[in-house]
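A, B, ... follow the sequence lines: proteins, then strands. Residue 1 opens every chain. Basis for what follows: all heavy atoms, side chains included, without hydrogens, waters or symmetry-related copies. Predicted model only: the values in this text are computed from it and were never measured.
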2 protein chains.
Amino acid sequence: MARWGDHPADLGEAARAFLREHVGPADPWPAAGPAEWTIRDTALSPDEIAELRGIVGDDGVRADVASRIAWTGGASYADYAARRDGKLVAGVDDASPSSSWDVPDAVVLPRDHDEVVRVLAACRRLRLPVVPFGGGTSVVGGLAAQGRRIAVGMDLLSRLVSVDAVSCRATVQAGITGPRLEPLLSARGLTLGHLPQSWQRASIGGYVATRSSGQASTGYGRVEDMVEALRVATPEGTLTLGRGPASAAGPDLRGLLVGSEGALGIITEITLRVRRLPTTKRYEGVMFPDFTAGCEAFRALAQGRATADVMRLSDERETAVTLAMSGPRGVTGAAFSRYLEARGVAGGALAILGWEGTDRDQVRDRRAASWRALKRHGAVSLGRRVGESWRSGRFHGPFLRDTLLDLGYLVETVETASDWSGLASLHASVTGSLRDSLGPRPGPYVMSHVSHVYETGASLYTTVICAADREDPVGQWRTAKHAVSDAIVAGGATITHHHAVGRDHAAWLPAEIGALGVDVIAAVKARLDPDGIMNPGVLLPPEGPR
Amino acid sequence: MARWGDHPADLGEAARAFLREHVGPADPWPAAGPAEWTIRDTALSPDEIAELRGIVGDDGVRADVASRIAWTGGASYADYAARRDGKLVAGVDDASPSSSWDVPDAVVLPRDHDEVVRVLAACRRLRLPVVPFGGGTSVVGGLAAQGRRIAVGMDLLSRLVSVDAVSCRATVQAGITGPRLEPLLSARGLTLGHLPQSWQRASIGGYVATRSSGQASTGYGRVEDMVEALRVATPEGTLTLGRGPASAAGPDLRGLLVGSEGALGIITEITLRVRRLPTTKRYEGVMFPDFTAGCEAFRALAQGRATADVMRLSDERETAVTLAMSGPRGVTGAAFSRYLEARGVAGGALAILGWEGTDRDQVRDRRAASWRALKRHGAVSLGRRVGESWRSGRFHGPFLRDTLLDLGYLVETVETASDWSGLASLHASVTGSLRDSLGPRPGPYVMSHVSHVYETGASLYTTVICAADREDPVGQWRTAKHAVSDAIVAGGATITHHHAVGRDHAAWLPAEIGALGVDVIAAVKARLDPDGIMNPGVLLPPEGPR
């Protein structure tokens with residue numbers, strides 16, 4: 001997609017002033033429309049299209065330009081920047097960054113698992129690469145293929161197949177999105193509770209294929225904690241995995257397909273653990289004296305088994321932005337500032353905590369246990385209004401990015417995770433590497449938060465804003481991406497906590513799992529996708545130097 | 001080992017009477033001593049032994065008969081029965097069940113990771129199969145190899161390498177056992193909390209290689225939930241896996257090595273999530289009107305996020321045995337019976353629940369949340385004495401098996417897991433298949449419990465006791481094993497919840513993960529162990545019909 005939403009979010013004068021002061025000026029960046037893009041003709045022959053139509057029906061194969069554009073690329077900064085300038089690049093490691101926009105040769109829309117299997121078999125015969133395409137929200141170049149290929153859109157595989165309310169299990173087709181699934185579940189008194197920032201568009205199959213994690217992961221778990229069973233179409237046939245709630249029947253092959261990013265096959269059906277729909281929710285804002293104190297508190301909660309279901313802690317810089325952006329509806333003004341001063345948390349670190357459940361007493365007790373630890377670390381409650389304000393705006397981020405791009409700002413996010421011991425130094429090195437690699441241009445403003453908490457460590461999510469280099473926006477971004485990725489792996493942290501590998505992180509995968517680990521994935525791919533047609537270039541690192 | 005302990009557990013007259021009444025008579029079964037076993041000479045040449053000694057030192061290679069016996073086989077019924085009769089068999093699918101005891105040709109005891117790597121490289125050159133050997137407690141034929149081979153004993157890799165108390169992470173060498181590790185951790189105010197029935201002997205590496213689950217898994221998690229990082233020696237080199245508390249960097253290769261059962265390499269070092277040592281523990285006995293009510297209560301706790309850390313529920317038959325065996329120290333007698341009658345739970349189902357933590361208020365609140373749900377399902381508290389009695393006897397099972405074997409009884413356990421919807425029918429089919437396949441011989445007495453609870457389902461652990469067939473004890477066992485395994489896979493349950501695949505379950509693995517799933521594991525093995533020297537016959541199903 002060219003934009004996340006049809007209407008950019010309104011930034012407000014306070015936020016614009018903050019940008020001017022802390023980042024500096026930028027020139028508005030107009031977006032080129034599809035009419036200005038150069039789209040090559042489809043490389044598929046009429047016979048090839050006919051073969052695919054023989055499987056999915058005439059309507060199931062679309063080779064028109066509008067469809068080919070619609071099922072192209074993802075939502076990374078490079079994707080957006082290239083679209084804005086009427087170009088597309090394949091990602092951080094593409095050798096030809098200024099190559100023209102390259103859309104697939106056709107979009108294929110299968111209607112069920114068996115059609116997916118047959119499509120892959122046909123593509124194997126035709127030596128035709130396949131890009132599985134869910135919501136199109138990859139921010140790591142997971143959809144940024146180039147050259148002759150089809151996109152397999154999961155749009156028509158979007159049914160809730162069955163619900164076992166006794167076992168709290170729901171089986172869905174992989175193309176269904178959260179906004180479509182949740183009402184179907186809530187009508188049965190259930191919820192999945194997986195809430196990624198890409199909520200409006202991402203598919204459940206995409207959640208699984210990218211090993212994603214939602215905003216309530218501390219309480220609801222990561223997506224891999226929710227996957228009970230999987231059905232996967234591969235060029236070598238069908239994998240059906242997952243029996244019972246837990247098993248010791250050898251290696252966990254579900255865990256091999258979760259995070260497989262379309263490179264091993266297409267996940268078509270998923271059985272998910274679901275939860276009883278919460279009847280009590282309590283969200284509140286909390287202010288810590290500083291980010292360090294907040295991290296210590298979050299660690300105490302995680303290690304004391306006293307977590308909230310949503311736990312999000314901004315560093316001082318993100319806190320300042322949040323307060324500036326919240327505008328008249330938010331928690332600003334002199335009275336509020338005096339309150340923070342009086343409680344010793346002015347200039348501190350803002351946290352959001354949310355407890356949910358079906359038993360009011362239990363939610364109350366869990367909150368009390370959290371607060372016993374929070375108080376030991378200097379936390380001051382800002383009340384429910386701040387919590388509810390965050391909750392109502394929780395999915396606004398992608399819209400805001402449109403707005404910032406319109407204004408001419410580069411805005412990018414970097415996410416990783418570390419054990420608690422290494423979190424402070426990781427925070428420093430990520431911040432420093434972004435500042436160094438993007439400076440001395442106006443900005444950059446670098447801010448971070450912790451939003452996924454584990455007993456042994458936490459995620460670190462960093463946002464950087466600076467004036468875009470309009471001569472070479474992708475080059476500017478690539479330089480920063482290299483610097484920060486090097487800093488992450490040097491610090492022993494993971495190259496991605498919930499965005500996946502795609503193309504953009506593939507060069508750093510060997511640092512994470514070793515050359516032999518990469519070879520193991522390659523061996524699995526060779527068994528399931530012997531001709532290498534599945535999402536080539538994604539997940540496995542490119543040959544040669546990066 | 002020939003026996004679990006040097007001293008068989010005392011069964012008591014009440015228990016003997018129960019056996020006589022409910023199982024029937026059996027003839028004492030004397031155990032043959034090692035002196036009566038036929039041990040072939042080592043097949044290793046002096047050059048081969050010298051090559052191995054060049055790596056691990058002279059003391060590190062043992063080819064004497066006593067050592068070769070000590071590092072042989074596991075703790076399955078077939079292992080015990082064969083030893084008792086001076087024979088050994090390779091497991092449920094061995095074509096020659098009456099083959100003589102077959103010990104390895106040598107025992108090799110490496111001292112560190114690098115020596116393990118070098119030993120595997122040497123074995124690859126020598127085409128010498130390797131059986132990794134931790135505590136020797138496999139109950140599924142995981143150590144029951146035959147023919148030319150060495151056992152690699154993990155005995156000297158038993159250090160606690162490092163502790164990061166801030167991150168609650170501890171790194172251990174794989175050969176360390178729980179009884180050795182826990183005091184080292186508790187001195188630092190930490191605990192692992194993994195308590196398998198094989199506690200006295202099993203190694204942490206064995207926990208991981210078999211994807212095991214301890215008695216407190218509901219609170220502390222399965223072993224795969226505890227593994228933060230792994231170091232694995234393979235014939236192709238070293239795998240080092242695991243960065244940060246969670247990652248989206250592609251497929252989870254840790255999950256591929258957890259449960260790899262020595263067939264892909266030797267796990268040498270493990271970084272574990274540890275917990276703060278609990279300062280408050282509350283264990284109690286609970287009686288339900290029947291097993292069905294108990295299962296419903298356990299489901300309500302799991303789905304209401306109101307679990308205890310230990311949750312164990314016996315069916316009516318296991319409850320009867322537990323009460324009969326508990327003897328004078330336990331909860332028997334007329335007054336107790338009248339109490340159960342008065343509360344409507346006579347002949348019911350006994351449960352043990354245990355809550356642990358470092359915050360007394362939190363443990364109290366968690367227990368209160370559990371009890372709100374328990375009461376809705378007719379639970380009656382039996383008080384702390386019953387809970388503490390279970391806790392003090394929690395590792396007695398393996399000793400008891402020695403005693404029952406001495407008395408001439410076949411005693412075997414079968415474990416699986418199912419979603420909640422399927423649990424009752426699984427309970428019926430497992431029970432029925434064991435009764436049918438072992439009857440009409442005296443007994444069999446079949447009893448079950450649920451001891452690992454998940455939001456979507458639970459484990460089912462079944463014990464069967466009957467008079468041993470002294471003419472063909474392994475044949476008797478194999479018939480029952482086939483019947484119950486067929487019943488489990490037909491019911492859609494997992495072939496093993498925490499005992500692993502070994503040789504005994506390998507024939508049922510294709511039913512669980514499909515032929516293509518098996519092929520994926522085989523492809524990984526071909527990459528890491530191209531010559532197939534690692535624990536051959538284990539994990540991957542045998543060729544041809546079972």
Only one of A:His498, A:Glu512, A:Arg222 passes side-chain hydrogen bond (donor to acceptor under 3.5 Å, both in side chains) with B:Ser247; say which it is.
->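 Between B:Ser247 and the candidates, side-chain hydrogen bond (donor to acceptor under 3.5 Å, both in side chains) is satisfied uniquely by A:Glu512.
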Any idea which of [options] has the most non-hydrogen atom pairs under 4.5 angstrom with chain B?
{"options": "A:Asp359, A:Asp225, A:Val140", "answer": "A:Asp359"}
{"options": "A:Gly259, A:Ala369, A:Ala526", "answer": "A:Gly259"}
{"options": "A:Ala246, A:Ala306, A:Gly502", "answer": "A:Ala246"}
{"options": "A:Ala522, A:Gly244, A:Ala209, A:Pro245", "answer": "A:Pro245"}
{"options": "A:Ile495, A:Asp309, A:Val223, A:Thr416", "answer": "A:Asp309"}
{"options": "A:Ser459, A:Gly255, A:Ala373", "answer": "A:Gly255"}

Walk me through it: do A:Asp252 and B:Leu256 pass the test side-chain contact (heavy atoms from CB on, under 4.5 Å)?
-> CA-CA 6 Å; A:Asp252 182 7; B:Leu256 203 54; over 6 Å; no
Return the option, out of [options], with the maximum number of heavy-atom pairs under 4.5 Å with chain A.
{"options": "B:Gly250, B:Cys168, B:Gly422, B:Ala493", "value": "B:Gly250"}
{"options": "B:Glu415, B:Arg372, B:Glu228", "value": "B:Arg372"}
{"options": "B:Ala523, B:Gly492, B:Gly237", "value": "B:Gly492"}
{"options": "B:Arg364, B:Arg276, B:Glu224", "value": "B:Arg276"}
{"options": "B:Glu236, B:Glu455, B:Glu261, B:His452", "value": "B:Glu455"}

With the side chain counted from C-beta on, respond yes when B:Leu253 and A:Ile521 share a heavy-atom pair under 4.5 Å apart, and no when they do not.
->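 The answer is yes; the side chains approach within 4.5 Å.
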Report yes if the side chains of A:Arg299 and B:Val166 come closer than 4.5 Å at any heavy-atom pair, otherwise no.
->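 SC-SC contact between A:Arg299 and B:Val166 confirmed.
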Any donor-acceptor pair under 3.5 Å from [X] side chain to [Y] backbone:
{"X": "A:Arg211", "Y": "B:Ala249", "value": "no"}
{"X": "B:Gln362", "Y": "A:Gly304", "value": "yes"}
{"X": "A:Ser167", "Y": "B:Ser421", "value": "yes"}
{"X": "B:Arg305", "Y": "A:Thr358", "value": "no"}
{"X": "B:Arg169", "Y": "A:Thr456", "value": "no"}
{"X": "B:Arg243", "Y": "A:Ala417", "value": "no"}

Interchain contact, [X] with chain B, by part (heavy-atom threshold 4.5 Å):
{"X": "A:Asp419", "result": "both"}
{"X": "A:Thr496", "result": "both"}
{"X": "A:Arg254", "result": "neither"}
{"X": "A:Asp519", "result": "both"}
{"X": "A:Val501", "result": "both"}
{"X": "A:Arg275", "result": "side chain"}

With a 4.5 angstrom heavy-atom cut-off, could you sort out which part of [X] is near chain A: side chain, backbone, both or neither?
{"X": "B:Thr234", "value": "side chain"}
{"X": "B:His499", "value": "backbone"}
{"X": "B:Ala458", "value": "backbone"}
{"X": "B:Ala500", "value": "both"}

At their closest point, which heavy atom of A:Pro251 faces which heavy atom of B:Ser260, and how far apart are they?
->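 Shortest heavy-atom contact: CG-CA, 4.4 Å.
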Checking side-chain contact (heavy atoms from CB on, under 4.5 Å) for the pair A:Arg527/B:Leu516: CA distance, chi angles, key distance, verdict?
-> CA-CA 9 Å; A:Arg527 180 64 190 84; B:Leu516 189 55; 3.9 Å; yes
Which value, rounded to the nearest 0.5 Å, describes the distance between A:Gln303 atom CD and B:Leu190 atom CG?
->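 Result: 9.0 Å between the selected atoms.
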